[in-house]
Amino acid sequence: MKMVLQYNGKRTYEEILASVKPVPLKVVGANVPNWRSANLLILGDNSRVMATLLKEFDFSGKVNLVYIDPPFATRNTYRIASRRGATISTGSDDEVAYSDALVGYEYLEFLRERLVLLRELMSSDASIYLHIDSKIGHYVKIIMDEIFGPDNFRNDITRIKCKPKNFPRLGYSNIKDIILFYSKGRRFVWHEPKVGFRDEDIERLYPKMTPDGRRYTTIPLHAPGETKNGSTGKPWRGLLPPKGRHWRCAPEMLDKLDAAGLIEWSSKGIPRRIVFADEAYRNGKRLQDVWDFKDPQYPLYPTEKNLEMLKTIIRTSSNEGALVLDCFAGSGTTLIAAQELGRRWIGIDNSHQAIATCLKRLTALKPNIFAQADFVYLEARDD
Ligand SMILES: C[S@@+](CC[C@H](N)C(=O)[O-])C[C@H]1O[C@@H](n2cnc3c(N)ncnc32)[C@H](O)[C@@H]1O
């Protein structure tokens, strides 16, 4: 049975698509003949801008990866303090970056409208990552299930966002937020992300050392299951495998391993297979669903996210040359990551402060984004 979230003012998928009106887009900077295939930074309300991309500029099904980090229904006002950097503050010399004012069902319907438009823009093998906190995130998960289908839910990633800290309320200190990862369909782009082992893990997992300094551990040469007739159930070097088990490989292979110095014999004459750390961790290990990517300590923009985290998402879930969209672009972390990884991108934000920060960061890139012929800055204008 399909599970849905009910709340006041909820429209159908089709009503949302029909009701959002496109808005004229005016090219302001770096004009190029065919701006539709350029990297686009757009100032405007993301809903109407996406309606324009969808209904007037044929972007339907063209976006290969979406990352969004929308407001989290916190009731906070986020400011850029002229002296102290980005903050949540109220000082008179601070400039508002954005207000996170919508809460409850109004917030959910605001986000749902954007998710419907995003889904229409996504290609059949595209993925979407939605960054959210654990106060509102569980409601958002149900909405994502409704729009993308529970079968396309891939992960609920726990993101460690900061160091342990004092927490003013009773309860466990909150040091994480969550990232909901969905694909549009069953087949989606996936490049297995690998991470290195930490030194302490290597020391724990490979506690032994050869005389020439190679770390290793040993594992049993036998596995569960008795083999009555095969060679792996027969004695090797006069030893039978323990009761209920068989040798992992045939006696000739065991001889070869021993000759290669890959079997360690205990003082009691028990053989075990040697596994070297440098061979096991050469290719790294699979990235799990708990991520430690702390945000910048001195951000240029409030709620600025970790650049390496965005690079991990983009490397994993898109091919080179793919089109990446972030319609809550903020300081442009997604755009910078996409640019540096050779992907095309579209960034949308309705905050002048956000767009100014994006432009500042993009200009600091080498080569400077304005020196490239494939960047266009647009503004949504109703006039
Ligand atoms: C949490 S911040 C994104 C931060 C970003 N991930 C970064 O690394 O800097 C959310 C952004 O969404 C923008 N935003 C909120 N409502 C919007 C709307 N309707 N259209 C476009 N942008 C919107 C805000 O201006 C804000 O910059």
Side-chain angles (χ1 to χ4, degrees), residues 16 20-23 25 40-53 65-80 85-88 95-103 106-118 121 128-133 135-137 140 159 161 177-179 293-314 324-340 345-362 378-382:
I16 289 179
V20 186
K21 287 200 177 57
V23 59
L25 296 182
L40 307 177
L41 180 64
I42 309 174
L43 171 70
D45 171 63
N46 48 16
S47 183
R48 295 199 58 199
V49 171
M50 286 194 286
T52 309
L53 296 179
L65 173 63
V66 174
Y67 167 86
I68 53 168
D69 172 26
F72 293 176
T74 59
R75 289 197 168 98
N76 285 332
T77 295
Y78 294 90
R79 296 167 190 269
I80 296 188
T87 181
I88 312 173
E95 293 186 64
V96 172
Y98 68 99
S99 289
D100 182 357
L102 287 181
V103 293
E106 282 177 333
Y107 171 82
L108 289 176
E109 192 60 2
F110 161 89
L111 191 55
R112 190 164 152 269
E113 178 173 306
R114 273 83 190 159
L115 289 170
V116 165
L117 293 161
L118 284 166
L121 288 167
I128 176 165
Y129 291 72
L130 185 149
H131 208 133
I132 200 77
D133 72 7
K135 281 192 192 151
I136 193 76
V140 175
R159 200 279 297 229
K161 60 179 179 175
D177 47 29
I178 58 186
I179 303 171
F293 286 114
K294 302 200 174 65
D295 290 332
Q297 255 190 315
Y298 301 102
L300 291 170
Y301 189 76
T303 64
E304 180 181 327
K305 296 296 177 290
N306 183 301
L307 183 62
E308 265 319 301
M309 178 182 76
L310 262 306
K311 286 190 175 173
T312 301
I313 291 172
I314 292 173
V324 180
L325 169 64
D326 183 346
C327 66
F328 291 95
S331 65
T333 312
T334 310
L335 322 182
I336 303 284
Q339 176 74 25
E340 290 189 345
W345 49 265
I346 300 177
I348 309 169
D349 205 291
N350 64 354
S351 153
H352 284 272
Q353 295 289 354
I355 295 293
T357 314
C358 286
L359 288 170
K360 191 170 171 183
R361 291 181 79 187
L362 289 164
L378 302 122
E379 288 182 2
R381 288 194 186 160
D382 249 336

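Position 1 is the first residue of the sequence; numbering continues from there. Because the structure is predicted, anything quoted here is derived from the model rather than measured. In listed order, ligands and their atoms are each counted from 1.
- For atom 2 (S) of ligand 1, the closest non-hydrogen atom of the protein is T303 OG1, 3.3 Å.
- With D326 contributing its side chain and G347 its backbone, the two residues share no donor-acceptor pair below 3.5 Å.
- The pair E95-R79 does not meet the salt-bridge criterion, since no charged nitrogen lies less than 4.0 angstrom from a carboxylate oxygen.
- With a 4.0 Å cut-off on non-hydrogen atoms, R114 touches ligand 1 through its side chain and not its backbone.
- The two residues D349 and A329 have their closest heavy-atom pair at OD2-N, 3.5 Å.
- In terms of protein heavy-atom proximity, atom 9 (O) of ligand 1 is closest to S331 OG, 2.6 Å.
- Heavy-atom separations between P302 and ligand 1 are all 4.0 Å or longer.
- Set against the non-hydrogen atoms of G44, the atoms of ligand 1 under 4.0 Å away are 20 (N), 21 (C).
- Look at K21 and D382 and you find no salt bridge, because none of the NZ, NE, NH1 or NH2 atoms lies under 4.0 Å from a carboxylate O.
- Between V324 and Y67 the shortest side-chain heavy-atom distance does not fall below 4.5 Å.
- Applying side-chain contact (heavy atoms from CB on, under 4.5 Å) to L115 and the options L130, I16, V66 leaves one that passes, L130.
- Atoms of ligand 1 found under 4.0 Å from any heavy atom of S351, numbered from 1 in the order shown, are 25 (O).
- Distance from atom 23 (C) of ligand 1 to its nearest protein heavy atom, with residue and atom name: N350 OD1, 3.2 Å.
- Between K305 and D177 there is no salt bridge, since no side-chain nitrogen of the basic residue lies less than 4.0 Å from a carboxylate oxygen of the acidic one.
- The shortest N or O to N or O distance between T333 and ligand 1 is under 3.5 Å.
- Where the criterion is an N or O separation shorter than 3.5 Å, residue side chain and backbone included, E304 fails it with respect to ligand 1.
- Take K360 and apply the salt bridge (Lys or Arg N to Asp or Glu O under 4.0 Å) test, not counting sequence neighbours, and it matches no residue.
- The protein heavy atom nearest to atom 6 (N) of ligand 1 is D69 OD2, 2.8 Å.
- For the pair H131/I68, no side-chain contact is recorded, criterion being any heavy-atom separation below 4.5 Å from C-beta on.
- Distances below 4.0 Å separate heavy atoms of A329 from the following atoms of ligand 1: 5 (C), 7 (C), 9 (O).
- Among protein heavy atoms, atom 12 (O) of ligand 1 sits closest to F328 CD2, 3.3 Å.
- Ligand 1 has no atom lying under 4.0 Å from any heavy atom of S47.
- Distance from atom 19 (N) of ligand 1 to its nearest protein heavy atom, with residue and atom name: D45 OD1, 2.7 Å.
- From the protein, the heavy atom lying nearest to atom 27 (O) of ligand 1 is Y301 OH, 2.6 Å.
- Using 4.0 Å as the threshold, F110 has a heavy atom nearer than that to some atom of ligand 1.
- Counting heavy atoms from C-beta on, the side chains of V49 and L43 never come closer than 4.5 Å.
- Looking at ligand 1, you'll find an N or O of N46 within less than 3.5 Å of one of its N or O atoms.
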Is there a salt bridge (charged side-chain N to carboxylate O under 4.0 Å, His left out) between D295 and R159? Walk through the geometry before answering. CA-CA 10 Å; D295 290 332; R159 200 279 297 229; 2.7 Å; yes
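- A pairwise comparison of heavy atoms in G330 and C358 identifies O-SG, 3.1 Å as the closest pair.
- Of all atoms in ligand 1, listed by their number and element, those nearer than 4.0 Å to a heavy atom of K305 are 6 (N), 7 (C), 8 (O).
- Summary of contacts: the protein heavy atom closest to atom 25 (O) of ligand 1 is D349 OD1, 2.6 Å.
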